Structure formats: structure tokens, C-alpha cells
Amino acid sequence: MAETIRVLVTGAAGQIAYSLLYSIAKGDVFGKDQPLVLILLDISPMLPVLEGVVMELQDCALPLLKEVIPTDKEEVAFKDLDAAILVGSMPRKEGMERKDLLKANVAIFKSQGAALDKYAKKTVKVLVVGNPANTNCLIAAKSAPSIPKENFSCLTRLDHNRARSQVAMRCGIPADNVKNVIIWGNHSSTQYPDVHHCKVNVQGKDVSAFDMVKDDDWLKGDFISTVQQRGAAVIKARKLSSAMSAAKAICDHMRDIWTGTSEGEFISMGVYSTGNPYGVPDDLIYSFPVTLKDKTWKIIEGLAINDFSRAKMDATAAELVEERDTAVSFLGV
């Protein structure tokens with residue numbers, strides 16, 4: 001049996017965590033022979049709810065789950081971590097300016113970054129889910145100077161999975177027959193879902209998505225806006241944000257970090273942009289196409305970028321630069 005790992009989930013009393021914790025605890029993410037301790041962090045008023053979550057995890061009687069630790073204290077939550085999944089963040093309330101939302105989240109992720117720096121293993125892999133995910137991730141990374149920036153990533157896998165599924169439905173094939181869609185940029189409505197390098201497997205042969213779909217107007221229009229606006233569409237329908245699909249995407253993202261991507265396939269994740277080969281400004285957390293091996297990501301190089309794509313990649317980068325500069329101005333506060 002492998003050595004037990006310590007995995008933190010924040011916002012652990014929330015609905016994304018409720019959809020996520022069972023999958024982690026039963027071995028879908030870190031491996032079927034990987035024992036783990038789950039640490040559940042939330043704010044003090046949520047501790048009674050967290051106790052209920054702990055009871056349910058106990059009642060699942062899962063062989064890999066060695067211990068569950070509910071807490072509202074960062075020094076307990078971040079100690080000796082192998083993996084941290086930061087789901088908890090300040091949600092946007094009605095009438096709230098974007099700047100106020102950023103300010104509230106900078107305080108949270110500055111504190112959690114500092115706690116990672118002080119208490120976690122230096123090898124910890126950190127996934128930021130709480131929105132605005134890219135900028136929250138950057139603030140956490142900047143607040144943890146002793147942990148490599150490469151250990152931090154943010155979730156754009158939900159957008160990636162949404163894009164993959166839209167192409168699959170349009171072609172009338174299973175989603176796993178679609179690979180190498182790309183989400184560029186911010187996990188926001190400026191993100192650019194790109195299918196110029198996407199391959200669709202039909203009867204054992206890889207065909208380009210544009211050749212298979214045969215509707216360039218859709219791929220350059222409604223397809224992009226559907227993926228960009230999908231989160232809002234789910235909220236409108238459910239009156240709650242995406243939880244099941246977000247939890248699935250978190251599992252996909254962390255499993256790929258732990259076990260690597262398949263040969264010939266790349267996925268999307270928000271990673272540190274400095275030194276990237278696509279002319280994206282440095283010092284951002286920006287979503288790129290990556291492969292993963294030995295728990296290390298590598299941006300796919302050499303993909304041709306046409307003018308249509310360039311404009312969309314630049315627009316989402318501009319939003320991230322503005323977010324970063326606003327957020328960094330709050331860091332010293």
C-alpha cells in the first residue's frame with residue numbers, strides 16, 4: 001500500500017465539495033491504492049454542517065479514507081499537505097462591484113497562500129477553483145514564495161469538458177471521441193474555447209473538428225458563446241451554480257496531475273504564464289493546452305495561431321492583466 005497522503009478541500013461545507021468528496025475518498029482521483037487523510041476547511045459558522053459531511057463520509061465506509069479532519073483553522077488545515085483544492089471563495093453578491101469581489105478574495109487567498117507557505121509540503125499541488133479562479137490562484141502563489149509557482153494551477157477543465165461535449169453532441173458521438181479542445185485565458189466569459197487543433201475520432205480515424213462539424217459559423221460563433229456562458233445558463237436553470245460538473249472537472253484535473261495525460265492528448269489548465277511560447281504576458285495564471293507527466297505540466301508548443309484566435313487570446317489576456325493589477329494593488333492593504 002502506498003504511503004498515506006494529506007488532501008485539503010476548502011469550502012468543504014459547500015455544494016461543489018459535497019459533489020467532490022466522495023469521488024476523492026473512494027480513489028477516483030489519486031488512485032485506487034492510495035490511502036488518504038481528508039482535511040475539510042470552512043468558516044466557523046459552517047462547522048455544524050461540516051460535522052454532517054464528516055458523518056456521511058464515515059458512513060460510506062471507504063477503505064482508502066484513513067481519517068477526516070474538519071476544521072476552521074488554517075494551521076490545522078494546511079499542515080503537511082500533498083494536495084490542496086481551494087474551492088472556498090467569496091461569492092459575488094447582488095450589487096457588488098467586481099473590484100469589491102476581488103478585494104475580498106485577495107484577503108482570503110493571500111491568507112491561504114501564506115498558510116501553504118508556512119505549513120504545507122513544498123511539493124504540494126494546489127488547485128484553485130474559487131472565482132475569480134485565475135487571479136485568486138496568482139495571489140495564492142505570490143503569497144507562498146517558498147513553493148514553486150509551477151505547483152499552482154486553476155480550474156479551466158470544466159470549460160474544457162463543456163467544449164468537448166458541445167463538439168461531441170454536434171457530431172453525434174461520445175465525448176471521449178473528442179480530444180485536444182483548448183481553453184485559452186481566463187475562467188470568465190472572455191475565455192476562448194478553441195477547436196482549431198481539436199480531433200474527432202470517427203470509425204477509428206482522427207478527423208479535424210472543422211472538417212467533421214462542417215459549420216464554421218457555428219464553431220466561430222454560437223459554439224464559443226455557449227461554452228463561455230454555460231455557467232450562467234446552469235445558474236438560470238437550476239438557481240444554483242454548477243456543482244456536479246465542477247466536481248467532475250476537479251477530479252479530472254487532479255487525476256491528470258497525479259497520473260499524467262494520455263499519449264497524443266492535451267488538456268486545458270490555468271498555469272503560470274511566464275516564459276510561455278504564445279506571446280501571453282508574463283506573471284499571469286492563464287489557461288493553456290498542457291500535457292502532464294511526473295506531476296509536472298508542460299505547455300504544448302508549436303500550435304499554429306491564426307488572426308481570429310490571436311485576437312481572442314489577447315482579449316482574455318487583457319482582462320487578466322487588469323484583474324491582476326487591481327488585485328496586486330490590494331495585496332499591500
Side-chain angles (χ1 to χ4, degrees), residues 5-12 14 16-17 20-21 24 29-30 34 36-42 69 71 73-90 105-158 186-187 246-247 249-260 267-274 283-288 290 292 294-299 320 324 327 331:
I5 59 169
R6 294 174 65 87
V7 179
L8 167 68
V9 176
T10 73
I16 290 176
L20 170 68
L21 291 168
I24 294 175
V29 179
F30 299 101
Q34 177 59 68
L36 48 89
V37 172
L38 263 180
I39 301 103
L40 310 181
L41 176 70
D42 216 312
I69 303 168
T71 186
K73 295 179 175 56
E74 287 184 340
E75 62 272 23
V76 175
F78 288 89
K79 188 166 172 48
D80 296 334
L81 290 181
D82 296 279
I85 303 170
L86 308 184
V87 181
S89 65
M90 168 74 79
N105 279 299
V106 164
I108 294 167
F109 286 88
K110 178 183 180 181
S111 176
Q112 294 190 349
L116 282 161
D117 200 57
K118 190 170 176 184
Y119 301 112
K121 291 181 182 174
K122 300 307 171 196
T123 52
V124 65
K125 299 298 181 189
V126 183
L127 166 58
V128 177
V129 179
N131 285 319
N134 298 58
T135 299
N136 287 345
C137 184
L138 185 66
I139 294 303
K142 284 180 178 294
S143 304
S146 71
I147 296 171
K149 296 274 188 292
E150 292 73 27
N151 289 21
F152 289 81
S153 57
C154 84
L155 190 75
T156 57
R157 186 58 169 268
L158 178 51
N186 200 0
H187 174 64
I250 292 166
C251 291
D252 290 345
H253 179 118
M254 286 308 272
R255 186 178 54 248
D256 283 346
I257 290 177
W258 238 251
T259 58
I267 54 99
S268 307
M269 58 199 274
V271 296
Y272 197 54
S273 65
T274 298
D283 200 35
L284 296 173
I285 297 283
Y286 186 101
S287 182
F288 290 98
V290 303
L292 289 133
D294 301 326
K295 296 184 186 166
T296 305
W297 53 264
K298 190 172 182 299
I299 296 173
L320 279 170
R324 175 198 65 199
L331 257 185

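In this text, all values refer to a predicted model and were calculated from it rather than measured experimentally.
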When every non-hydrogen atom of F109 is compared with those of S89, the smallest separation belongs to CE1-CB, 3.9 Å
Drop me the distance from T259's OG1 to K295's NZ, to the nearest 0.5 angstrom. 10.0 Å
Side-chain donor or acceptor of K142 paired with backbone N/O of C137 under 3.5 Å: no
Name all residues meeting the side-chain hydrogen bond (donor to acceptor under 3.5 Å, both in side chains) criterion together with S273; count only those two or more places apart in sequence or in a different chain, and write none if there are none. none
Could you go step by step and tell me if I250 and H253 meet the side chain to side chain contact (heavy atoms under 4.5 Å, CB included) rule? CA-CA 5 Å; I250 292 166; H253 179 118; 5.7 Å; no
Is the NZ atom of K79 crowded by more than 12 outside heavy atoms at less than 6.0 Å? no
Would you name the heavy atoms of S153 and V271 that are closest together and state the gap between them? CB-CG1, 4.3 Å
OH (Y119) and CD (E75) are apart, to the nearest 0.5 Å, by 5.0 Å
For K122, does the NZ atom sit with more than 12 other heavy atoms under 6.0 Å from it, leaving out its own atoms? yes
If you look at every heavy atom in R157 and A249, which pair is closest and at what distance? CG-O, 3.6 Å
Pairs touching residues 127-139 that satisfy side-chain hydrogen bond (donor to acceptor under 3.5 Å, both in side chains), sequence neighbours left out: T135-E323
Only one of I24, I16, L41 passes side-chain contact (heavy atoms from CB on, under 4.5 Å) with V9, and that residue is I24
With D42 via side-chain hydrogen bond (donor to acceptor under 3.5 Å, both in side chains) - residues at least two apart: none
Closest non-hydrogen atom pair, D117 against P145: OD1-N, 3.3 Å
Before you tell me yes or no, could you show the steps for K149 and T274 under side chain to side chain contact (heavy atoms under 4.5 Å, CB included), namely the whole-Å CA-CA distance, both residues' side-chain angles and the distance that decides it to 0.1 Å? CA-CA 10 Å; K149 296 274 188 292; T274 298; over 6 Å; no
Value for CG (L8) from CG (L86), rounded to nearest 0.5 Å, stands at 6.5 Å
Taken in chain and number order and not counting sequence neighbours, the residues that satisfy side chain to side chain contact (heavy atoms under 4.5 Å, CB included) with I5 are V7, F30, Q34, L36, D82, W258
Which value, rounded to the nearest 0.5 Å, describes the distance between N151 atom CG and W297 atom CH2? 10.0 Å
Side-chain donor/acceptor of K125 to backbone N/O of M254, under 3.5 Å: no
Does V126 reach the side chain of I147, with side-chain heavy atoms less than 4.5 Å apart? no
Nearest heavy-atom pair of S287 and T156: which atoms, and what distance? OG-OG1, 2.7 Å
Could you give me the CA-CA distance, side-chain angles and deciding distance for H187 and L155, then say whether side chain to side chain contact (heavy atoms under 4.5 Å, CB included) is met? CA-CA 8 Å; H187 174 64; L155 190 75; over 6 Å; no
Approximate separation, where rounding is to 0.5 Å, of I39 CD1 and L81 CG: 5.5 Å
In terms of side-chain heavy atoms, does Q112 have a donor or acceptor partner in T10 at a distance below 3.5 Å? no
Nearest 0.5 angstrom please: I139 CD1 to L331 CG, how far? 4.0 Å
Tell me, please, which residues at least two apart from R6 pass salt bridge (charged side-chain N to carboxylate O under 4.0 Å, His left out). none
Candidates I299, D256, I257, I285 - the one meeting side-chain contact (heavy atoms from CB on, under 4.5 Å) with M269: I257
Taking T296 for the side chain and D294 for the main chain, is one N or O donor matched with an acceptor at less than 3.5 Å? yes
Distance-minimising heavy-atom pair for A84 and V124: N-CG2, 4.1 Å
Return the set of residues passing ring-ring contact (aromatic ring centres under 6.0 Å, His included) with F152 (not counting sequence neighbours), or none when no residue passes. none
Check against side chain to side chain contact (heavy atoms under 4.5 Å, CB included), I69 and L38: CA-CA 6 Å; I69 303 168; L38 263 180; over 6 Å; no
Contact between D283 and Y272 at the side-chain level, heavy atoms closer than 4.5 Å - yes or no? yes
